J.: 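Here it is: the structure, laid out below.
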Protein chains: 2
Amino acid sequence: MRERSSRTSPYTVDVVLVTAMGNELAILLTRSATDRERWSLPWRMPQTGETLEAAGARVAQDALGEAPIWMEQIGAFGDAKRHPSDSEMSVAFVGLVPHETASPRGGYTWFPMRDLPPLSPRQRAIVEVATRTIQGRLDQAPIAFRLLPSTFTLSELQQMYELLLGKRLHKASFRRALQAAWLVEPTDEWRSEGRGRPAQLFRYAPKKRRRPHRGVRFDFLYP
Amino acid sequence: MRERSSRTSPYTVDVVLVTAMGNELAILLTRSATDRERWSLPWRMPQTGETLEAAGARVAQDALGEAPIWMEQIGAFGDAKRHPSDSEMSVAFVGLVPHETASPRGGYTWFPMRDLPPLSPRQRAIVEVATRTIQGRLDQAPIAFRLLPSTFTLSELQQMYELLLGKRLHKASFRRALQAAWLVEPTDEWRSEGRGRPAQLFRYAPKKRRRPHRGVRFDFLYP
DNA sequence: CGAATTAGTCAATTTTTGCGACTAAAGTCA
DNA sequence: TGACTTTAGTCGCAAAAATTGACTAATTCG
């Protein structure tokens, strides 16, 4: 146990940086500060006066050299579970990075979600909540778009959704729903990817439209 | 400014206790600890070893004499905005209480959401997030059911949804969706409320069923 | 008793969705 | 070159689900 200065915060800001690597999600880990044999989420103690969002952004900046395109707080984790710091509590963020442009700094490594090294119990819980947040907010925030480069084909977008949802989607239905939502606009570029007809590139460019008149949805409790 | 002991946490746990009073939502406030002229959300400094959930539950306990039937963390609020304590940060919870059985302890008062007294900037932000959380999780958690007594009529349930959504719902559509979701079961009691045919009482009794096969929803960005 | 009021259901119509089949544009290989 | 394969993109029908107004049922009020 290290002595903790009374000037430092007794809580940390931890960030789960997520990317889509090949056909699975991956998160960025670094060597633990206290035990170099173990791995840890990137984190820092916020300085006095620093907002939580600023601290989270700075953690991402230190790890990637750039801010994630999308970041959201996923909560405070203050149970008794241990942490690489001796802090009593962590405020966690999840951030999304397109893999094509993400180049971690030295000491940081992408780990596929399905094959993570041992983490502290608290960080393990944070990662679980992060994955649930990503899946749960898929239809309320542009998650899939933020994991893709700024231009992409519709097949790539569909594959990203299939990866995030863990199930196959029907091409025509997917595109019909996408068109109705006015979320993408075509560029005048096309990409030929080996075989087959070239695909048009699109960019994320949401347009305002009026909310569809919908009744209540009793969607909770689906196990 | 009070001197802060180094033993106390530099963060507080604040709880937004929500009830449905008449036909609008209300939250529970108490006199501010530092300035008795002002009002404040109930809060406390968690003790070392106490989990955040336990601290939140205890705040509710102190205010109501009982635990809310449903409570959820809504995040950490650590910006520079001031708080009745001098803490740098607050972890906030939202809890739901049926108004019929809720009897606040002395010093605590229900305030309608649309007519709140001045609060500290941070607590104002917490209340805003709490209301958005309630609306946003309406179809993922049994929010409306937790604001009602344990048995209720379907008209009462529909009115609660109308209050929470801020719009009228069609009776037949509401009931069809409710039936399809297997969330309520009838009791053998009926209630005659003045005029009209008596209504059957129901209780919240969700049953497992298989998830309906649904495509993607691009629901975000509706303004 | 009849009018008014609230509960609860039905059924026609419209909207949304799932899905197979189709055309288009490229590469591969004989 | 030309048949075949592969991927992109679209069309249209059938099935499922939602919206809505109208209907029946049971009670109170006067």
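A, B, ... follow the sequence lines: proteins, then strands. Residue 1 opens every chain. Note that the structure is predicted; figures quoted are calculated from it, not measured. Below, each value reflects all heavy atoms present in this structure, side chains not excepted, and no hydrogens, waters or symmetry copies.
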J.: At under 4.0 Å between heavy atoms, what does B:S155 touch on the DNA or RNA strands: base, sugar-phosphate, or nothing?
T.: sugar-phosphate

J.: Tell me, which pairs form a salt bridge (charged side-chain N to carboxylate O under 4.0 Å, His left out) where one or both residues lie in residues 59-73 of chain B, sequence neighbours left out?
T.: B:E72-B:R137

J.: Round to a whole Å and report the spacing from CZ of B:F152 to P of C:dA7.
T.: 14 Å

J.: Among A:I126, A:V15, A:L28, which residue satisfies the side-chain contact (heavy atoms from CB on, under 4.5 Å) criterion with A:L41?
T.: A:I126

J.: Looking at the base of C:dG18, is there any donor atom on it, or on the side chain of A:R176, that sits under 3.5 Å from an acceptor on the other one?
T.: yes

J.: Is the shortest side-chain N to carboxylate O distance from B:E53 to B:R58 below 4.0 Å?
T.: no

J.: For B:Q179 and D:dA16, give me the distance from atom CD to atom P, rounded to whole Å.
T.: 19 Å

J.: Provide the closest heavy-atom pair for B:P112 versus B:E24 in the form atom of the first, atom of the second, distance.
T.: CB-OE2, 3.5 Å

J.: Which ones in residues 193-202 of chain B lie close to DNA chain D, meaning a heavy atom under 4.0 Å from one of its atoms?
T.: B:G194, B:R195, B:G196, B:R197, B:P198

J.: If you measure from CD on A:Q73 to CZ on A:F93, what distance do you get to the nearest 0.5 Å?
T.: 4.5 Å

J.: Could you grab the distance from atom CD of B:E37 to atom OG of B:S32, nearest 0.5 Å is fine?
T.: 10.5 Å

J.: Report the residue (B:S173 or B:R217) whose heavy-atom-nearest nucleotide on DNA chain C is the more 5′ of the two.
T.: B:S173

J.: Are A:F218 and B:W182, when compared by the centres of their aromatic rings, separated by less than 6.0 Å?
T.: no

J.: Could you tell me the separation between the CH2 atom of A:W190 and the P atom of C:dA25, rounded to a whole number of Å?
T.: 9 Å

J.: Without decimals, in angstroms, what is the distance between B:R175 CZ and D:dT20 C1'?
T.: 15 Å

J.: Once rounded to the nearest 0.5 Å, what's the spacing between atom OH of B:Y108 and atom OG of B:S103?
T.: 13.5 Å

J.: In whole Å, what is the span from the CZ atom of B:F218 to the P atom of C:dT17?
T.: 11 Å

J.: Taking C-beta and beyond as the side chain, do B:L147 and B:W70 meet within less than 4.5 Å on heavy atoms?
T.: no

J.: State plainly whether the residues B:E185 and B:R203 are in salt-bridge range, i.e. N to O under 4.0 Å.
T.: yes

J.: List every contact pair, protein side and nucleotides 12-15 of chain C side both N or O, where the distance is under 3.5 Å.
T.:
none

J.: What pairs with B:R146 under side chain to side chain donor-acceptor pair (under 3.5 Å), at least two apart in sequence or on another chain?
T.: none

J.: Without hydrogens or angle criteria, can the side chains of B:N23 and B:Q159 be said to hold a donor-acceptor pair below 3.5 Å?
T.: no

J.: Calculate the interatomic distance between B:L157 atom CG and C:dA7 atom P; express it in whole Å.
T.: 13 Å

J.: Convert the base pairs of DNA chain C into dot-bracket notation, remembering that pairs crossing earlier ones are written with [ ] and that bases paired across to another strand are shown as |; include only Watson-Crick or G-U pairs under 3.5 Å.
T.: ||||||||||||||||||||||||||||||

J.: Judged by modelled atom types alone, do B:S40 and B:R31 share a side-chain donor-acceptor pair under 3.5 Å?
T.: no

J.: Between B:L154 and B:G215, who's closer to the 5' end of DNA chain C by nearest nucleotide?
T.: B:L154

J.: When you measure from the side chain of A:T151 to the backbone N and O of A:F202, does any donor-acceptor pair fall under 3.5 Å?
T.: no

J.: Any residue in residues 158-172 of chain B with a heavy atom nearer than 4.0 angstrom to DNA chain D? Just list them by number, or reply none.
T.: B:H170, B:A172

